[in-house]
J.: 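One structure is given below, represented as structure tokens, and several questions about it will come after.
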Amino acid sequence: MDAATTPAPTVALLGTGIMGSAMGRNILAAGLPLRAWNRTPDRARPLADHGAEVVATPADAVRGADVVMTMLGDAADVLAVMEQAADGLVEDQVWLQTTTVGPGPLAGLASFADEHGLVLLDAPVSGTREPAEKGALVVLVAGPPDVRPLVQPVLDAIGSRTLWLGDKGRDGAASRLKLVVNSWVIAVNDAAGEAVALARGLGVEPQAFLDLVADGPLDMPYLQLKAGKILSDDLSPSFTVAMAAKDAALVVEAAREAGLRLDGAAAARARLTRTAAAGHGEDDMAASYLASYPPPEDDEE
């Protein structure tokens with residue numbers, strides 16, 4: 001059966017937050033049947049307007065699906081939701097695991113896949129809200145080659161590029177590369193916030209700094225994007241502080257297990273954690289800029 005006559009795979013989407021909902025809309029726009037579930041049902045219902053079947057339980061979502069896709073908070077969330085889905089899973093079902101979990105926690109998910117006879121694809125995505133909405137994510141995938149024809153329409157719907165990184169979903173090749181990418185993203189975000197804070201602290205107009213580096217070897221779009229969010233006081237989330245703090249912790253832990261000490265990553269984790277504790281966990285990660293300032297002292301009674 002050639003690609004023209006192969007039925008479109010039915011996708012079960014577990015998790016419809018900032019990333020999942022955007023990915024779901026692109027899956028539907030590509031003409032693929034979609035069943036969607038989210039812990040908070042109201043966040044899944046908008047997908048019904050685009051043609052999704054919104055269901056009440058993870059088991060309802062995965063029952064009969066060709067591809068099960070998870071886009072949740074962390075490895076513990078993924079495992080808990082997949083355990084709820086267990087009654088609907090069948091042997092040889094393909095599990096496209098797109099949540100950033102890190103190579104260590106991936107082992108627990110691989111064990112669950114083995115217990116239920118699932119074909120695990122380690123498939124974290126590189127990109128935030130905007131590329132997710134445009135279907136322009138970069139998908140990093142490791143898993144058996146024989147399921148590629150089945151999942152390729154899903155990968156093409158959510159991403160502009162797919163990097164296949166090996167034929168074993170459980171060895172963490174994709175998750176390891178994703179942490180390297182995220183270490184860079186977090187470092188640039190942190191540096192952008194500190195540069196803006198330092199400029200203001202020294203009485204320098206931050207835009208003068210951005211204009212100085214513009215179009216030169218020290219410039220990059222991500223610097224301009226994150227600094228721009230700070231300067232426009234727009235902290236609407238593209239990728240939240242809470243999720244960035246989680247990823248920073250994964251980077252630090254993976255480095256420790258590799259015998260490395262990443263001082264910058266540890267500092268970024270501390271800044272992001274402090275920012276979240278100050279009530280900015282659901283703001284864009286650019287809000288870590290606020291950690292440059294000491295908290296206001298409590299008013300004396």
J.: Taking atom CG of Leu155 and atom CG of Leu150, what is their separation to the nearest 0.5 Å?
T.: 9.5 Å
J.: Is it true that a side-chain atom of Lys229 and a backbone atom of Pro237 form a donor plus acceptor pair closer than 3.5 Å?
T.: no
J.: Side-chain contact, heavy-atom cut-off 4.5 Å: Leu290 with Arg274?
T.: no
J.: Do Leu109 and Trp95 have side-chain heavy atoms sitting under 4.5 Å apart?
T.: yes
J.: Does Arg176 have any salt bridge (Lys or Arg N to Asp or Glu O under 4.0 Å) partners at least two apart in sequence or in another chain, and if so, which?
T.: none
J.: Minimum heavy-atom separation for Ala174 and Leu165, please, with both atom names.
T.: CA-CD1, 3.7 Å
J.: Please determine which of Ile27, Leu28, Leu47 meets the side chain to side chain contact (heavy atoms under 4.5 Å, CB included) test together with Leu13.
T.: Leu47
J.: Indicate every side-chain donor-acceptor pair of residues 81-93 with a distance under 3.5 Å to a residue at least two apart or in another chain.
T.:
residue: Gln93; atom: OE1; partner: Val90; partner atom: N; Å: 3.0
residue: Gln93; atom: NE2; partner: Val62; partner atom: O; Å: 2.8
residue: Gln93; atom: NE2; partner: Ala65; partner atom: O; Å: 2.8

J.: With sequence neighbours left out, what residues match Arg269 under side-chain hydrogen bond (donor to acceptor under 3.5 Å, both in side chains)?
T.: none
J.: When you measure from the side chain of Thr10 to the backbone N and O of Pro33, does any donor-acceptor pair fall under 3.5 Å?
T.: no
J.: Listed by chain and number, what are the side-chain contact (heavy atoms from CB on, under 4.5 Å) partners of Phe239, not counting sequence neighbours?
T.: Thr128, Met243, Ala244, Asp247, Met285
J.: Tell me, which pairs form a ring-ring contact (aromatic ring centres under 6.0 Å, His included) where one or both residues lie in residues 33-81, sequence neighbours left out?
T.: none
J.: Do Phe112 and Leu79 have side chains that approach each other closer than 4.5 Å (heavy atoms only, starting at C-beta)?
T.: yes
J.: Quick one: list whatever passes salt bridge (Lys or Arg N to Asp or Glu O under 4.0 Å) with Asp233, sequence neighbours left out.
T.: none
J.: So, for Leu272 and Ala248, which heavy atoms are closest and what is the spacing to 0.1 Å?
T.: CD1-CB, 4.2 Å
J.: Spell out, yes or no, whether Met71 and Leu14 are grouped together once hydrophobic residues are joined by side-chain heavy atoms under 4.5 Å, including indirect joins.
T.: no
J.: Following the transitive rule for hydrophobic clusters with a side-chain heavy-atom cut-off under 4.5 Å over Ile, Leu, Val, Met, Phe, Trp and Tyr, establish whether Val180 and Val185 coincide in one cluster.
T.: no
J.: Could you state the interatomic distance from OG (Ser111) to NE2 (His116), rounded to the nearest 0.5 Å?
T.: 10.5 Å
J.: Looking only at heavy atoms, what is the nearest atom pair of Val196 and Ala227, with distance?
T.: CG2-CB, 4.0 Å
J.: Please confirm whether the backbone N or O of Arg63 pairs with a side-chain atom of Arg35, one donor and one acceptor, at under 3.5 Å?
T.: yes
J.: Could you note down all residue pairs passing side chain to side chain donor-acceptor pair (under 3.5 Å) where residues 162-174 supplies at least one of them, sequence neighbours left out?
T.: Asp114-Arg170
J.: Can you tell me if Asp122 uses its side chain to pair, donor with acceptor, with the backbone of Ser175 under 3.5 Å?
T.: yes
J.: Return the CG to OG distance between Asn26 and Ser21, rounded to the nearest 0.5 Å.
T.: 10.0 Å
J.: Would you please name every residue forming a ring pair (Phe, Tyr, Trp, His ring centres under 6.0 Å) with Tyr222, sequence neighbours left out?
T.: none
J.: Is it possible for you to say whether Val125 and Leu179 belong to one hydrophobic cluster, with membership spreading through side-chain heavy-atom contacts below 4.5 Å?
T.: no
J.: Name the atoms and distances for all side-chain donor-acceptor pairs under 3.5 Å in residues 97-108, with sequence neighbours left out.
T.:
residue: Gln97; atom: OE1; partner: Thr70; partner atom: OG1; Å: 2.9
residue: Gln97; atom: OE1; partner: Thr99; partner atom: N; Å: 3.0
residue: Gln97; atom: OE1; partner: Thr99; partner atom: OG1; Å: 3.0
residue: Gln97; atom: NE2; partner: Thr99; partner atom: O; Å: 3.0
residue: Thr98; atom: OG1; partner: Thr70; partner atom: O; Å: 2.7
residue: Thr99; atom: OG1; partner: Thr70; partner atom: O; Å: 3.2
residue: Thr99; atom: OG1; partner: Leu72; partner atom: N; Å: 2.8
residue: Thr100; atom: OG1; partner: Lys178; partner atom: NZ; Å: 2.5

J.: Applying salt bridge (Lys or Arg N to Asp or Glu O under 4.0 Å), can you list everything that pairs with Asp74, at least two apart in sequence or on another chain?
T.: none
J.: What I'd like to find out is whether the side chain of Asp77 reaches to under 4.5 Å of the side chain of Arg39, using heavy atoms alone.
T.: yes
J.: Rounded to the nearest 0.5 Å, what separation is found between the CG atom of Leu121 and the CG atom of Leu140?
T.: 12.5 Å
J.: Below 4.0 angstrom, N of the basic side chain to O of the carboxylate: do Glu130 and Lys134 qualify?
T.: no
J.: Does one hydrophobic cluster hold both Leu118 and Val67, with members joined at side-chain heavy-atom distances below 4.5 Å?
T.: no
J.: Quick check for you: to the nearest 0.5 Å, what is the distance between Leu231 atom CG and Gln224 atom CD?
T.: 9.5 Å
J.: Name all pairs fulfilling the side chain to side chain donor-acceptor pair (under 3.5 Å) condition that reach into residues 189-216, sequence neighbours left out, sorted by first residue then second.
T.: Asn189-Ser288, Asp190-Arg271, Glu194-Arg271, Arg200-Tyr289, Gln207-Asp211
J.: According to the salt bridge (charged side-chain N to carboxylate O under 4.0 Å, His left out) rule, which pairs have a member within residues 143-164, sequence neighbours left out?
T.: none
J.: Write down the atom of Ala192, the atom of Leu223, and the distance for their closest heavy-atom approach.
T.: CB-CD1, 3.7 Å
J.: Just how far is it from atom CG of Asn38 to atom OG1 of Thr16, taken to the nearest 0.5 Å?
T.: 3.5 Å
J.: Heavy atoms, side chains only, cut-off 4.5 Å: are Val151 and Pro9 in contact?
T.: no
J.: Give the minimum heavy-atom separation between Ala113 and Leu120, together with the two atoms involved.
T.: CB-CB, 4.0 Å
J.: Membership question, hydrophobic clusters at under 4.5 Å side-chain separation (ILVMFWY): are Ile18 and Ile158 in the same one?
T.: no
J.: Can you give me the closest heavy-atom contact between Val139 and Gly159, atom names plus distance?
T.: CG2-CA, 4.3 Å
